[in-house]
S.K.: 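Supplied in structure tokens, the structure appears directly below.
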Amino acid sequence: MPYRRPQGKYFTSLLAGILMLSLILMTVNARYDKVNLFFESIVVLFVSPAQSFFSSVTDSITDGFGHYFFLVRTSIENERLLLELDRLSKKNNKLLERNKFLERSANLTNFMDEDARPFVVAKVIGYDATQWSKVIFINKGTDHKVEKNLSVVTDAGVVGHVIHASLKSSKVLLITDSRSAVDSLFQESRKSGIVVGTGEDICEMKFVSISAKVSVGDKVVSSGLGGVFRKGLVVGSVVDIVKEGHELFQEIRLATSVDFSNLEEVVVLLSGQEEM
Amino acid sequence: MTHLVLIITLVFLLSMQTTFLRVIFPGNVVPDLILIVAIYSGIHLKRTRGIWLAALMGFLQDCLSGGLLGVNFLSKGLVGLFFCAIKEKIFVQGIIPIGFFVFAASLVDGIIYFALMTSLMGGQAKGNHLLFSIIIFGIFNAVIAPFLFYMFDKGRQFLHRKFPNHVFETI
């Protein structure tokens with residue numbers, strides 16, 4: 001039977017179908033935002049092994065370039081690193097002494113260690129499939145007790161929070177995403193505000209009153225409000241302040257403490273009883 | 001067999017999009033391979049198969065991104081539909097025509113995405129920054145598209161030679 005070219009009516013019905021289906025998807029997504037959608041989990045389940053594979057291949061290639069091709073400055077770098085090692089050894093010794101002192105003090109005062117909370121280390125296996133959102137994929141999911149709304153950090157500070165957890169992998173919304181908001185305060189002055197993402201590599205701190213004293217370089221930490229990030233996690237430091245006389249709040253831009261362009265491993269802070 | 005090759009290629013492209021491209025383009029703007037596939041499939045798949053493939057790719061992209069589910073399904077589906085509807089009337093061969101159409105489609109894709117995200121999710125888009133991002137996004141896609149179209153053409157020729165099929169238009 002000869003093939004008949006589709007007519008305008010057919011294209012119109014296809015257009016209507018696409019509009020209808022996308023509307024259904026968007027409303028379902030908006031309605032059931034708090035639960036993991038079945039097909040989303042299925043797609044992530046099938047694609048995450050390929051992402052892990054590609055991530056490993058990419059790491060190997062980058063590693064190969066780093067170790068075999070970029071050796072021009074190795075000798076100078078080696079000397080510098082030896083000096084650095086010497087300096088760090090001294091610093092380490094000093095810190096060990098201080099650590100012992102703190103341990104003894106903690107025993108004496110029954111100090112509750114807030115860091116003693118269960119956690120899981122995860123590898124970054126992928127990034128958002130579009131450039132418009134700031135999302136990463138990690139290789140730990142519900143199998144490893146990772147669930148929605150858990151905070152994700154590194155030793156440098158806050159990375160973001162889990163927005164979707166599948167069996168073997170999870171999606172993490174970075175603090176630089178424009179939908180992210182972290183209740184925070186300045187480490188020194190204790191003035192509070194909300195750190196919001198801009199969609200770029202920096203964040204903004206909103207709702208800081210015009211009278212608050214803020215300087216470039218001031219550190220910002222999470223306030224613990226909001227229930228996702230615990231108190232005292234480093235968010236970033238101030239890089240730019242704009243004060244308009246007629247405004248109620250200052251415009252403050254922050255450099256994040258975490259370098260998102262070079263993120264390899266992260267720590268997911270699991271929920272559960274915090275240990276004494 | 002053609003379908004199997006197609007599925008493997010799509011998984012490969014999705015994985016590339018979410019891993020390798022971020023290493024090559026460490027900035028804020030990254031080309032969208034899925035959009036280029038949507039345009040290519042709209043033009044080069046037989047009948048209306050390109051529309052369905054484009055919409056499916058958009059849906060998969062939605063599942064692998066942090067945005068609202070359905071946004072890319074809509075934008076890629078519309079792009080596929082548009083190119084499928086006009087494929088007999090336009091000439092998309094060579095660097096300049098491919099670059100031009102991909103650039104235009106990128107602008108549409110970016111605008112649809114932001115229009116929906118700001119209206120439905122209440123996101124705050126900054127006009128100048130947004131426009132700049134979309135234009136750079138379009139340029140990146142336009143630059144990379146002729147190479148990808150060339151590779152896809154080669155793949156299509158290979159498939160027709162090895163496994164004659166009714167999925168792709170013949171070259």
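By convention in this document, chain letters (A, B, ...) are assigned in the order of the sequence lines, proteins followed by strands, and residues within each chain are numbered from 1.
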S.K.: Indicate the atoms forming the closest heavy-atom contact of I51(B) with L14(A), along with that distance.
M.R.: CD1-CD1, 3.3 Å

S.K.: Can you measure from CZ (F73(B)) to CD1 (I24(A)) and round to the nearest 0.5 angstrom?
M.R.: 9.0 Å

S.K.: So, for I18(A) and G77(B), which heavy atoms are closest and what is the spacing to 0.1 Å?
M.R.: CD1-O, 3.6 Å

S.K.: Quick check on Y113(B) against chain A: is it the side chain, the backbone, both or neither that has a heavy atom closer than 4.5 Å?
M.R.: side chain

S.K.: Mind checking the CZ-OH spacing from F20(B) to Y127(A)? Nearest 0.5 Å is all I need.
M.R.: 12.5 Å

S.K.: Look at atom CD1 of I96(B) and say whether more than 12 heavy atoms of other residues, nucleotides or ligands are closer to it than 6.0 Å.
M.R.: no

S.K.: Considering only heavy atoms, which portion of F59(B) lies under 4.5 Å from any heavy atom of chain A: side chain, backbone, both, or neither?
M.R.: side chain

S.K.: Atom CG of L68(B) and atom OG of S22(A): how far apart are they, to the nearest 0.5 Å?
M.R.: 10.0 Å

S.K.: Which bit of F53(A) is near chain B, if near means a heavy-atom gap under 4.5 Å: side chain, backbone, both or neither?
M.R.: neither

S.K.: Run the numbers on N72(B) and T130(A) for side chain to side chain contact (heavy atoms under 4.5 Å, CB included), then give the verdict.
M.R.: CA-CA 9 Å; N72(B) 284 296; T130(A) 68; 3.4 Å; yes

S.K.: Between F11(A) and A85(B), what is the shortest heavy-atom contact and its length?
M.R.: CZ-CA, 3.7 Å

S.K.: Quick one: are M26(A) and L69(B) in side-chain contact, heavy atoms under 4.5 Å?
M.R.: no

S.K.: Heavy-atom pairs under 4.5 Å with chain B are the metric here; pick the option from G17(A), A129(A), S133(A) that has the most.
M.R.: A129(A)

S.K.: Do L19(A) and L74(B) make a side-chain contact, defined as non-hydrogen atoms from C-beta onward lying under 4.5 Å apart?
M.R.: yes

S.K.: As an exercise, state the distance from CD1 of I125(A) to OG1 of T19(B), rounded to the nearest 0.5 Å.
M.R.: 9.5 Å

S.K.: So, does K171(A) use its side chain to make a donor-acceptor pair with the main chain of S65(B) at under 3.5 Å?
M.R.: yes

S.K.: Side chain, backbone, both or neither: which part of I134(B) has an atom under 4.5 Å from a heavy atom of chain A?
M.R.: both

S.K.: Which atoms of L15(A) are under 4.5 Å from chain B, going by heavy atoms: the side chain, the backbone, both sets, or neither?
M.R.: both

S.K.: Got more than 12 heavy atoms from elsewhere within 6.0 Å of CG, L23(A)?
M.R.: yes

S.K.: Is D62(B) close to chain A through its backbone or its side chain, or both, or neither, when contacts mean heavy atoms under 4.5 Å?
M.R.: backbone

S.K.: Is any side-chain heavy atom of Y10(A) closer than 4.5 Å to one of T48(B)?
M.R.: yes

